[in-house]
Amino acid sequence: MSNIKNNVIFAVLLSLTVSAFVEELDDTFMKTKGTEEIWLIKFYAPRCAFCKQLDPVWHQIGSELKSLGSPVNVGKCEATANTGLAKEFQVRGYPAILMLKNDVKYNYQGPRTKDSIIDFANRVAGPAVRTLSSLQLFQHVMSRHNVLFVYIGASSPLKGEYIATAKELIVHTYFFSGTRDILPKSVTIPSLPAVVVFKDGTYFTYNEEHDGELKTWINRERFLTYSKLDSYTLYAMGDTAAHQRGAYGIRPCWREWPQTTRSSTANFYFGYMEDNDYIKGLVMGEVTTPSIIVVKLSNDGYFLPPGAVETEAQLLDFLNGVLDNSLECQGGNDISQRFKRFSYEVKNTLTPIFSQNPILGWFLVNVPLGIVVLLVYFCYKRLVPAGPDSPEAVSRGEERGQPSGERVDTSRGQQQKKLADKKAD
């Protein structure tokens, strides 16, 4: 009995402690918050299953940020009850994770894991551009980040553009600045000032004439040249450029190809997936593994190689065929393709149900179909008027005690009378 009592007391204390790290917010939040406060907020709905799965992770985030002395306050808001605050943050789905800093709102679109969300919070809470003061600090930062942007040089118009871009894209990656002395001697920079990206064990220098706008270049280079892909990464890649293409493979041995052919593959992202469910849904059919496919992220179109791709030369021929439009783009997101994809998904969903439980499958298909048929029938009956000889008219006449033959004669007599009146007029 005492053990049960102790467990109950511990659970209550734990609940109170956790709630102290995560504050419940309402529509008065924007008026009562401090001007210098930084907030990480989760918007949720009571019946949202994904929101409930995120709850324990969210409390862990609040506890860890508080224990580390972070300036970030963690809160949550029931969006269905506090529609004013949800509208202020333009919440369209649940759970939604946003940060508020200096009245600027930052939307988080990454994986719903504790480490990823904490990294996002620390990145946005700090300065948009962090200063590196020594080679040792640069090497320490390099060991912690897969992709690193560094501005090298004194104040210049390029630095102003770099800072403006960093403020907008800080939700995605880190930005640093420093002098030439912080870089290893092996790093060669043609001229100063310069913006350099370090990734994949090498580095690339921004060239305005070749790379175009700085923001577009950074948005493109913030991804690894070759990496494992998931739904969040694909969404982010598709959001960076309207016509960007992605080459997705299943074999990690293709990792070296994009490195050696960078000048020929600048218009592509490269990555691999451990399973082929996404590609199967895209092409609406079976996909052999290993295989390679190019996806046009702007419209869900895709390109398949005309033959086997086993060498670097064959890969380049395939990608060049995509660029010069000599290969047909299949799929897309027009109405016909959306209908085909919906039919394919329904078929894939129902097929295992019918194979495992035919009765349940019959019920799931025929009950909604029967409801639709009944609705169409009743709508038709209401829209189409009943004639004098229709069963409805006959039944209504019988209810008034008038035989069907007399009703027909009466109707014809009325028509003849109307014709005679028209002639008299």
Side-chain angles (χ1 to χ4, degrees), residues 22-27 29-30 33 35-45 48-55 57-62 64-65 70-130 145-147 149 163-175 215-216 218-223 229-242 244 269 297-298:
V22 179
E23 186 174 343
E24 189 75 35
L25 307 178
D26 55 27
D27 284 339
F29 168 73
M30 296 301 291
K33 72 174 184 65
T35 56
E36 301 295 329
E37 291 180 351
I38 303 174
W39 282 88
L40 177 66
I41 307 172
K42 177 191 74 170
F43 290 88
Y44 67 96
C48 171
F50 295 106
C51 300
K52 294 178 181 178
Q53 293 176 5
L54 185 61
D55 273 342
V57 175
W58 199 250
H59 290 304
Q60 292 173 13
I61 291 171
E64 184 163 332
L65 288 176
S70 172
V72 178
N73 300 287
V74 181
K76 61 179 181 178
C77 174
E78 184 182 340
T80 55
N82 301 279
T83 56
L85 187 58
K87 186 177 180 180
E88 174 74 24
F89 280 82
Q90 298 181 354
V91 175
R92 295 184 177 88
Y94 310 112
I97 299 174
L98 296 101
M99 275 197 72
L100 181 67
K101 176 186 175 183
N102 297 331
D103 291 331
V104 178
K105 304 173 182 67
Y106 300 89
N107 188 18
Y108 176 72
Q109 297 176 345
R112 266 53 173 170
T113 61
K114 185 189 75 170
D115 293 339
S116 298
I117 297 174
I118 288 179
D119 182 68
F120 164 77
N122 291 331
R123 186 167 62 246
V124 176
V129 179
R130 292 166 165 83
H145 303 292
N146 294 325
V147 180
F149 289 94
I163 293 174
T165 302
K167 290 179 179 179
E168 185 173 348
L169 299 182
I170 190 65
V171 295
H172 301 301
T173 188
Y174 284 90
F175 295 86
K215 176 184 173 182
T216 303
I218 291 177
N219 214 4
R220 183 173 64 245
E221 294 293 342
R222 63 186 176 89
F223 298 100
L229 301 177
D230 53 28
S231 58
Y232 294 105
T233 309
L234 286 174
Y235 178 83
M237 285 179 171
D239 199 36
T240 57
Q244 199 73 24
Y269 294 125
L297 298 171
S298 59

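The residues of the chain are indexed from 1 along the displayed sequence.
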Residues in salt bridge (Lys or Arg N to Asp or Glu O under 4.0 Å) with D119, at least two apart?
R123
Just how far is it from atom OG1 of T165 to atom CD1 of I218, taken to the nearest 0.5 Å?
5.0 Å
Considering non-hydrogen atoms only, spot the tightest contact between K42 and P95 and give its length.
CG-CB, 4.3 Å
CD1/I38 to CG/L100 distance, rounded to the nearest 0.5 angstrom?
9.0 Å
Got a sec, which residues hit salt bridge (Lys or Arg N to Asp or Glu O under 4.0 Å) with K105, two or more places apart in sequence or on another chain?
E88
Using the salt bridge (Lys or Arg N to Asp or Glu O under 4.0 Å) criterion, which residues pair with D27? Sequence neighbours excluded.
none
Could you report the tightest heavy-atom contact between L65 and A121, atom names first, then the distance?
CD1-CB, 4.4 Å
Ring pair (Phe, Tyr, Trp, His ring centres under 6.0 Å) with Y174: which residues, sequence neighbours excluded?
H145
Tell me, please, which residues at least two apart from E64 pass salt bridge (Lys or Arg N to Asp or Glu O under 4.0 Å).
K114
For T113, all residues meeting side chain to side chain contact (heavy atoms under 4.5 Å, CB included), sequence neighbours excluded:
P111, S116
Result of checking Y94, W58, F89 against F43 for ring-ring contact (aromatic ring centres under 6.0 Å, His included)
F89
To the nearest 0.5 Å, what is the distance between CD1 on I117 and CG on N122?
12.0 Å
State which residues pass side chain to side chain donor-acceptor pair (under 3.5 Å) with K215; sequence neighbours excluded, sorted by chain then number.
E168
Main-chain N/O of Q53 paired to R112 side chain as donor or acceptor, under 3.5 Å:
no
Restricting to ring pair (Phe, Tyr, Trp, His ring centres under 6.0 Å), what partner residues turn up for F120, sequence neighbours left out?
Y108
Please test L169 against F149 for side-chain contact (heavy atoms from CB on, under 4.5 Å), starting from the C-alpha separation and ending with a verdict.
CA-CA 11 Å; L169 299 182; F149 289 94; over 6 Å; no
At what distance, to the nearest 0.5 angstrom, does NZ of K76 lie from CG of L25?
10.0 Å
Test of understanding: with side chain to side chain donor-acceptor pair (under 3.5 Å), list the residues that count as partners of K167, not counting sequence neighbours.
none
I would like to know whether Y44 and L54 meet side-chain contact (heavy atoms from CB on, under 4.5 Å); could you show each step before the answer?
CA-CA 10 Å; Y44 67 96; L54 185 61; over 6 Å; no
Checking side-chain contact (heavy atoms from CB on, under 4.5 Å) for the pair V147/F223: CA distance, chi angles, key distance, verdict?
CA-CA 7 Å; V147 180; F223 298 100; over 6 Å; no
Might you point out which heavy atoms bring C77 and N82 nearest each other, and give the distance in Å?
SG-CB, 3.7 Å
For the side chain of K101 and the backbone of G126, is there at least one donor-acceptor N/O pair under 3.5 Å apart?
yes
Could you tell me which non-hydrogen atom of A45 sits nearest to which non-hydrogen atom of T80, and how far apart they are?
CB-CG2, 4.0 Å
Looking only at heavy atoms, what is the nearest atom pair of G62 and V22, with distance?
CA-CG2, 4.3 Å
Taken in chain and number order and not counting sequence neighbours, the residues that satisfy side chain to side chain contact (heavy atoms under 4.5 Å, CB included) with N107 are L98, Q109
Can you list everything that forms a side chain to side chain donor-acceptor pair (under 3.5 Å) with D103? Sequence neighbours excluded, please.
K33
Carefully, step by step, assess M99 and V72 under the rule side-chain contact (heavy atoms from CB on, under 4.5 Å).
CA-CA 9 Å; M99 275 197 72; V72 178; 4.2 Å; yes
Among residues at least two apart in sequence or on other chains, which ones pass side chain to side chain donor-acceptor pair (under 3.5 Å) with Y106?
none
